[in-house]
A.B. asks: 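I have a structure here, written as structure tokens, and I will follow up with some questions on it.
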Amino acid sequence: GQNIDQPTEMTATEGAIVQINCTYQTSGFNGLFWYQQHAGEAPTFLSYNVLDGLEEKGRFSSFLSRSKGYSYLLLKELQMKDSASYLCAVKPRYGGATNKLIFGTGTLLAVQP
Amino acid sequence: KAGVTQTPRYLIKTRGQQVTLSCSPISGHRSVSWYQQTPGQGLQFLFEYFSETQRNKGNFPGRFSGRQFSNSRSEMNVSTLELGDSALYLCASSLADREYEQYFGPGTRLTVT
């Protein structure tokens with residue numbers, strides 16, 4: 001089967017650090033993605049991990065452990081504008097090329113002053 | 001560079017009717033994927049097109065169909081609408097050689113009454 005789990009909601013304080021976890025079970029694996037989606041807007045690409053380890057991009061970092069089926073998104077120096085839904089998605093491995101992504105239901109992050 | 005555009009942005013239909021949604025990818029992008037987003041299920045993959053060919057299809061009934069034109073624009077059609085089809089329909093486009101990064105359009109909000 002294919003399953004992606006992430007917490008439904010999280011709350012954090014402005015200026016702090018927050019870690020959003022994601023665990024997955026999919027038919028094959030060809031990369032893990034994180035997207036940010038503000039209410040009423042389109043998801044925007046944040047990060048992509050295909051190998052184990054940490055990918056850092058400014059205030060955002062994403063970690064992957066393929067053996068554990070686990071990833072996290074780390075947000076540092078939180079700002080009010082980071083209040084959004086964070087979507088974890090996995091690209092399963094198929095026989096041919098594909099852009100199909102399997103998404104978790106998203107983690108709604110509320111940043112408080 | 002213009003982003004992904006989707007028309008219409010909002011649509012209200014009655015049960016039993018059919019609807020056609022349109023997606024224009026970013027110029028030069030040849031891959032278009034469609035997703036349905038609902039509060040309970042999150043984003044679910046509908047289908048994917050590349051160079052006018054359907055490359056992958058999700059687990060949706062045959063009432064959901066799509067196509068892609070030679071200019072990479074894509075349409076999806078839903079026939080015999082049901083109340084449960086009320087959702088945000090998102091399309092995403094990507095370059096053929098950087099298929100890990102998908103750009104989402106703002107979506108079409110479909111309400112079925």
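Order of the sequence lines sets the chain letters (A, B, ...), proteins ahead of strands, with each chain counted from 1.
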A.B. asks: Do B/L11 and B/L46 belong to the same hydrophobic cluster, where Ile, Leu, Val, Met, Phe, Trp and Tyr are linked whenever their side-chain heavy atoms lie under 4.5 Å apart, directly or via other members?
C.D. replies: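 Yes; tracing contacts between hydrophobic side chains, which count when under 4.5 Å, links both residues.
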A.B. asks: Does the pair A/T105 and B/Q41 meet the rule for a side chain to side chain contact (heavy atoms under 4.5 Å, CB included), with working shown?
C.D. replies: CA-CA 6 Å; A/T105 51; B/Q41 300 294 319; over 6 Å; no
A.B. asks: Can you see whether B/S94 engages A/N99 through a side-chain donor-acceptor pair at a distance of less than 3.5 angstrom?
C.D. replies: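 B/S94 vs A/N99: donor-acceptor pair found between side chains.
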A.B. asks: Under 4.5 Å heavy-atom distance to chain A, tell me which part of B/L90 shows up: side chain, backbone, both or neither.
C.D. replies: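 For B/L90, the contact with chain A is made by the side chain alone.
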A.B. asks: Take a 6.0 Å sphere around NZ of A/K57 and say whether it holds more than 12 heavy atoms from other residues, nucleotides or ligands.
C.D. replies: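 Yes - once you tally the heavy atoms of other residues, nucleotides and ligands closer than 6.0 Å, there are more than 12.
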A.B. asks: Would you find more than 12 non-hydrogen atoms of other residues, nucleotides or ligands less than 6.0 Å from A/E77 atom CD?
C.D. replies: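 At most 12 heavy atoms, drawn from other residues, nucleotides or ligands, come within 6.0 Å of this atom.
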A.B. asks: Would you check, one step at a time, whether the test side chain to side chain contact (heavy atoms under 4.5 Å, CB included) holds for A/L101 with B/Y35?
C.D. replies: CA-CA 9 Å; A/L101 294 178; B/Y35 292 84; 3.4 Å; yes
A.B. asks: What are the two closest non-hydrogen atoms of B/G105 and A/A42, and how far apart are they?
C.D. replies: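 Residues B/G105 and A/A42, closest heavy atoms: O-CB, 2.9 Å.
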A.B. asks: Heavy-atom count around B/N59 CG within 6.0 Å, excluding the residue itself: above 12?
C.D. replies: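 Atom CG in B/N59 is not packed in, count stays at 12 or less.
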A.B. asks: Counting N and O atoms only, with roles assigned by atom type, does the side chain of B/E101 sit under 3.5 Å from a partner on the main chain of A/F45, one being a donor and the other an acceptor?
C.D. replies: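 Not a single qualifying donor-acceptor pair exists.
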A.B. asks: Check each atom of B/F47 against the heavy atoms of chain A and say whether the ones under 4.5 Å are side chain, backbone, both or neither.
C.D. replies: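 The answer is neither part of B/F47.
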A.B. asks: For atom CZ of B/R15, decide whether the heavy atoms of other residues, nucleotides or ligands shown that lie under 6.0 angstrom number more than 12.
C.D. replies: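 No, not enclosed.
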A.B. asks: Evaluate whether atom CG of A/L54 has more than 12 neighbouring non-hydrogen atoms of other residues, nucleotides or ligands under 6.0 angstrom away.
C.D. replies: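 Yes, CG of A/L54 has more than 12 neighbouring heavy atoms, counting only those of other groups under 6.0 Å.
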A.B. asks: Before giving the answer on side chain to side chain contact (heavy atoms under 4.5 Å, CB included), spell out for A/Y35 and B/F104 the whole-Å C-alpha distance, their side-chain angles and the decisive distance to 0.1 Å.
C.D. replies: CA-CA 10 Å; A/Y35 282 82; B/F104 281 85; 3.5 Å; yes
A.B. asks: When you look at A/K100 and B/R55, which way does the side chain to side chain contact (heavy atoms under 4.5 Å, CB included) test go after all the steps?
C.D. replies: CA-CA 9 Å; A/K100 175 180 179 178; B/R55 195 158 66 172; over 6 Å; no
A.B. asks: Are A/Y72 and A/I4 connected, step by step, through hydrophobic side chains (Ile, Leu, Val, Met, Phe, Trp, Tyr) whose heavy atoms are closer than 4.5 Å?
C.D. replies: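 No, it is not one cluster - the side chains of A/Y72 and A/I4 are not joined through contacts under 4.5 Å.
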